[in-house]
Amino acid sequence: MTGSHTPQNGPLRRRGLLVGTAATALTLSTVSFANAAPGKDNGKGGGTDQADLTKTVRGTLPAGSPDFVYLPVEVPRGVREIAVSYTYEKTPVPAGTQGNALDIGIFDERGTELGGRGFRGWSGGARADFFIRADVATPGYVAGPVRAGTWNIALGPYTVAPEGLPYEVTITLRFGEPGTTPTPVYPPERAKGRGRAWYRGDCHLHSVHSDGKRTPAEIATAARAAGLDFINSSEHNTHAAHSAWQGLWGDDLLILTGEEITTRNGHVIALATDPGTFVDWRYRARDNRFGHYAKAVRRAGGLVVPAHPHATCIGCHWKFGFGEADAVEVWNGPYTPEDEIALAEWDNSLVAAVRASKPWVPAMGNSDAHREPDKVGLPQTVVLAEELSRDAIVAGIRSGHSYIAESSAVSLSFGASGGQGGHAGIGERLRADADSPVTVRLEVAGAPGCTAHFVTDQGTLFTAALPESGAGTVEWRTTPAYAAYVRAEVRHPSTVPGLPGALAAVTNPVFLEG
């Protein structure tokens, strides 16, 4: 059975325009299967022998469409699977004009309320089709019963050409035995580890469960090859991958669960949340909702980490401010000018924090690897933790006891000593008289051809070339009156005159308090 719903043949039909509580949303007319014959009971627990039912909806979204367009679908009893496919026209546009891009996901009969329980999956623009059954679902979607009621296909017009965005959505209902939903198996919160040690991790990774091409198994293999001790599952706007890591963790690899909350005003990593936690993304900065969801991340035991805050892709630039951030991603993948800007902005935030005697936000780096040739572990955050466990890694990142390295070949030791025999390491505070001499010491390995830089609230005050071997020790003397904090950068030679070389490593600061 096939039907057609064509809003472009007249005024765009809608149930309502929802404004104020989140990014604007449009609800289209309902697709109903109510006239379908109920079918004959097959005697196997409530299923029927009814044939598949299919309906197709066609329409055109105009330029200036809301962020989300909901297509309600009335699902009758006896459905064991809902399958959805869609296409849209990528209309040619002049240079400098945005063309069409349309994302997709779905909410079940529990509704589309912001932060509600109805979320059943999101694939953005990565897939042309998906299905959901009780026992299994397309990656990025949550398996579970297909209950009767009003489901909503969520369309996200990411960009719309001036001529509009023609689309077609096909919904197929398959009837029969509902099946059983397996109990999810989540990664353990602790691995054997090495006790109190420096652990290497990559907390921004994408698999086939969002827009990545690697399977979880391939990511785990790449993580071990990169010398990582922990990773964080961070798919765009879905938690469906949390249960996809069974058999992939081990004594040598801790797997954390999270999400990349991908809004229209920037992306943020929900790092190490409780398995099964879904965090909504359907809001903009002007909706004043981000603080609510940042608190939800922390209630779930996670950290709030704005990702690639100066990325130039549409919707990627961070516009929510850093007041709710537990850490910030200053280095995302291979080092670029976007990272240099993020690093400079983060350094400015350190200056503001020490001058106002307010808390500071630590830096971290991640690969954001999606597919080959993206390198898992380029860069990686190296965290001092009491053990290789979720709680210990979260505590280490939150406190800034960490540095960022381009690979497992690069290792650092950094700290300051002075005053009455005191010593402070990365992320710590050294108390000494304002004019008391303080010695800052950096030990580096694995950075041939690089230069060490000591950066303070006054800027870069000391540089030194490392030995050709890439292993060496650099010391510098200062006072708390002269430098409120010191952090270290290890940089490759510059390839563009007048611009700094790419980072090989960067530390969080040591604070000097007079």
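FYI, the numbering just counts along the sequence from 1.
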Are [X] and [Y] side-chain neighbours, meaning at least one heavy-atom pair lies under 4.5 Å?
{"X": "Ser210", "Y": "Asn237", "answer": "no"}
{"X": "Phe320", "Y": "Thr263", "answer": "yes"}
{"X": "Leu503", "Y": "His453", "answer": "no"}
{"X": "Asp347", "Y": "Val455", "answer": "yes"}
{"X": "Ile219", "Y": "Trp245", "answer": "yes"}
{"X": "Val490", "Y": "Glu406", "answer": "no"}
{"X": "Trp476", "Y": "Val486", "answer": "yes"}
{"X": "Arg282", "Y": "Thr112", "answer": "yes"}

Is the backbone N or O of [Y] less than 3.5 Å from a side-chain atom of [X], with the two atoms forming a donor-acceptor pair by type?
{"X": "Thr507", "Y": "Ala488", "result": "yes"}
{"X": "Ser123", "Y": "Ala126", "result": "no"}
{"X": "Asp326", "Y": "Val304", "result": "yes"}
{"X": "Glu259", "Y": "Val279", "result": "yes"}
{"X": "Asp229", "Y": "Arg200", "result": "yes"}
{"X": "Glu329", "Y": "His308", "result": "yes"}
{"X": "Ser234", "Y": "Leu205", "result": "yes"}
{"X": "Tyr86", "Y": "Leu102", "result": "yes"}
{"X": "Thr257", "Y": "Ser233", "result": "no"}
{"X": "Trp346", "Y": "Val361", "result": "yes"}

> Yes or no on side-chain contact (heavy atoms from CB on, under 4.5 Å) for Phe119 and Asp280, after CA distance, side-chain angles and deciding distance?
Replying inline: CA-CA 9 Å; Phe119 176 78; Asp280 216 317; over 6 Å; no

>> As a quick check of understanding, evaluate side-chain contact (heavy atoms from CB on, under 4.5 Å) for Val268 and Tyr293, giving each step before the final call.
In response: CA-CA 11 Å; Val268 58; Tyr293 289 101; over 6 Å; no

Aromatic ring pairing [X]/[Y], orientation class (parallel under 30°, perpendicular over 60°, tilted between):
{"X": "His236", "Y": "His267", "answer": "perpendicular"}
{"X": "His242", "Y": "Tyr186", "answer": "perpendicular"}
{"X": "Tyr403", "Y": "Trp198", "answer": "tilted"}

Will you find, in the side chains of [X] and [Y], an N or O donor that is under 3.5 Å from an N or O acceptor?
{"X": "Glu338", "Y": "Thr312", "result": "yes"}
{"X": "Tyr485", "Y": "Asn508", "result": "no"}
{"X": "Tyr158", "Y": "Gln98", "result": "no"}
{"X": "Asp368", "Y": "His206", "result": "yes"}

>> Tell me whether the count of non-hydrogen atoms from other residues, nucleotides or ligands lying under 6.0 Å of CG in Asn348 goes above 12.
In response: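 Yes - once you tally the heavy atoms of other residues, nucleotides and ligands closer than 6.0 Å, there are more than 12.
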
>> Looking at Arg477, I want to see if its CZ is surrounded by more than 12 non-hydrogen atoms of other residues, nucleotides or ligands under 6.0 Å.
In response: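 Not buried by this count: 12 neighbours or fewer within 6.0 Å.
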
Atom [atom1] in [X], atom [atom2] in [Y]: separation rounded to 0.5 Å?
{"X": "Thr478", "Y": "Leu512", "atom1": "OG1", "atom2": "CG", "value": "7.0 Å"}
{"X": "Arg196", "Y": "Leu384", "atom1": "CZ", "atom2": "CG", "value": "4.5 Å"}
{"X": "Tyr283", "Y": "His292", "atom1": "OH", "atom2": "NE2", "value": "9.0 Å"}
{"X": "Ser436", "Y": "Arg431", "atom1": "OG", "atom2": "CZ", "value": "14.0 Å"}
{"X": "Glu260", "Y": "Asn232", "atom1": "CD", "atom2": "CG", "value": "10.5 Å"}

Can a salt bridge be assigned to the pair [X] and [Y] using a cut-off of 4.0 Å between side-chain N and carboxylate O?
{"X": "Arg441", "Y": "Glu443", "answer": "yes"}
{"X": "Glu340", "Y": "Arg491", "answer": "yes"}
{"X": "Asp274", "Y": "Arg390", "answer": "yes"}

> Do Tyr199 and Leu254 pass the side-chain contact (heavy atoms from CB on, under 4.5 Å) test, and can you show the C-alpha distance, the side-chain angles, and the key distance before you say yes or no?
Replying inline: CA-CA 10 Å; Tyr199 293 102; Leu254 175 71; over 6 Å; no

> Of the options Leu155, Thr159, Val160, which is the one that meets Leu165 in a side-chain contact (heavy atoms from CB on, under 4.5 Å)?
Replying inline: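 Of the listed residues Leu155, Thr159, Val160, the side-chain contact (heavy atoms from CB on, under 4.5 Å) partner of Leu165 is Val160.
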
How far apart are the closest heavy atoms of [X] and [Y], and which atoms are they?
{"X": "Ala270", "Y": "Val297", "value": "CB-CG2, 3.9 Å"}
{"X": "Gly193", "Y": "Leu388", "value": "CA-CB, 3.8 Å"}
{"X": "Val208", "Y": "Pro139", "value": "O-CB, 3.6 Å"}
{"X": "Val376", "Y": "Ala226", "value": "O-CB, 3.4 Å"}
{"X": "Val438", "Y": "Ala432", "value": "CG2-CB, 4.4 Å"}
{"X": "Gly377", "Y": "Ser367", "value": "N-CB, 3.8 Å"}

> Quick one: are the ring centres of Phe290 and Trp318 less than 6.0 Å apart?
Replying inline: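 So the answer is yes for these two rings.
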
> Using the benzene-type ring in the case of Trp, are the ring centres of Trp360 and Phe511 under 6.0 Å apart?
Replying inline: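 Yes, ring centres under 6.0 Å apart.
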
>> So, applying side chain to side chain donor-acceptor pair (under 3.5 Å) with Asp252, which one of Lys192, Arg224, Arg194 is it?
In response: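 Exactly one pass, corresponding to Arg224.
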
>> Under the side chain to side chain donor-acceptor pair (under 3.5 Å) test against Ser207, which residue among Glu218, Glu235, Arg214, Lys213 passes?
In response: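 Answer after filtering Glu218, Glu235, Arg214, Lys213: Glu235.
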
> Regarding Arg120 and the six-membered ring of Phe130, is the cationic atom NZ or CZ under 6.0 Å from the ring centre and inside 45° of its axis?
Replying inline: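 No, Arg120 does not sit over the ring of Phe130.
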
>> Does anything in residues 455-474 form a side-chain hydrogen bond (donor to acceptor under 3.5 Å, both in side chains)? List the pairs, not counting sequence neighbours.
In response: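 For residues 455-474, and leaving out neighbouring residues, there are no side-chain hydrogen bond (donor to acceptor under 3.5 Å, both in side chains) pairs at all.
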
> With Trp122, which of Trp281, Phe278, Tyr141 fulfils ring-ring contact (aromatic ring centres under 6.0 Å, His included)?
Replying inline: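 Running ring-ring contact (aromatic ring centres under 6.0 Å, His included) over Trp281, Phe278, Tyr141 with Trp122 returns exactly one hit, Trp281.
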
> Yes or no on side-chain contact (heavy atoms from CB on, under 4.5 Å) for Val383 and Arg398, after CA distance, side-chain angles and deciding distance?
Replying inline: CA-CA 10 Å; Val383 183; Arg398 180 186 284 116; over 6 Å; no

